[in-house]
Amino acid sequence: MYGVAVQTSSFSSFLQLIGVLLIFIFVLGATYFATRLIAGYQKGQSFNKNLKVIETLKITPNKFIQIIEAGEEYLVIAIGKDEVRLLTKLTGEQLKEVPSEEYSAKMTADGFKEILEKVKKHIPKK
């Protein structure tokens with residue numbers, strides 16, 4: 001009789017484990033789909049033809065400088081915790097354009113590999 005109680009207890013524990021795993025998988029799936037839904041909604045809300053962020057530079061954890069294209073003008077603004085200030089206006093000729101091939105190369109694994117090799121050169125070997 002003692003062996004039957006142990007088997008029932010272990011079977012019950014196994015069923016509980018399966019139940020917890022199924023709930024976990026359900027929660028992960030629900031989170032995934034909720035995130036996709038919210039991202040799609042926000043992307044639709046932020047679709048804009050007249051305003052576009054060209055470049056952002058982080059100065060401190062809560063202060064940024066941004067170049068924004070507003071219609072045909074380029075504005076340089078400073079963004080702080082509670083304020084936004086216009087620094088200057090730029091023309092299209094004043095902006096430095098990075099060729100798309102150069103930018104995409106920096107973002108690929110090859111670009112990362114080059115950076116890693118440069119860092120390795122500066123690490124002293126034992």
Hey, could you give me the [atom1]/[atom2] distance between [X] and [Y], rounded to the nearest 0.5 Å?
X	Y	atom1	atom2	value
Lys63	Lys58	NZ	NZ	13.5 Å
Ile67	Leu87	CD1	CG	10.5 Å
Asn62	Thr60	CG	OG1	4.5 Å
Leu17	Ser10	CG	OG	12.0 Å

Ile68 with Val84, same ILVMFWY side-chain cluster at under 4.5 Å: yes

Same apolar cluster (I L V M F W Y, side chains within < 4.5 Å links), Leu95/Phe64: no

Connected-component partners of Ile38 among ILVMFWY, side-chain separation under 4.5 Å: none

Linked hydrophobic residues, Ile18 as query - side chain contacts closer than 4.5 Å: Phe14, Leu22

Derivation and outcome, side-chain contact (heavy atoms from CB on, under 4.5 Å), residues Ile77 and Ile65: CA-CA 6 Å; Ile77 60 171; Ile65 294 179; over 6 Å; no

Which residues share a side-chain contact (heavy atoms from CB on, under 4.5 Å) with Lys120, sequence neighbours left out: Leu116, Glu117

Test side-chain contact (heavy atoms from CB on, under 4.5 Å) applied to Val76 and Leu90, step by step: CA-CA 7 Å; Val76 180; Leu90 299 174; 3.5 Å; yes

Minimal non-hydrogen separation, Ala70 against Leu75, with atom names: CB-CD1, 4.1 Å

Within residues 23-38 or reaching into it, pairs that qualify as side chain to side chain donor-acceptor pair (under 3.5 Å) - sequence neighbours excluded: none

Pairs satisfying side chain to side chain donor-acceptor pair (under 3.5 Å), at least one member in residues 65-77, at least two apart: Thr56-Gln66

Contacts of Arg85 that satisfy salt bridge (Lys or Arg N to Asp or Glu O under 4.0 Å) - sequence neighbours left out: Glu83

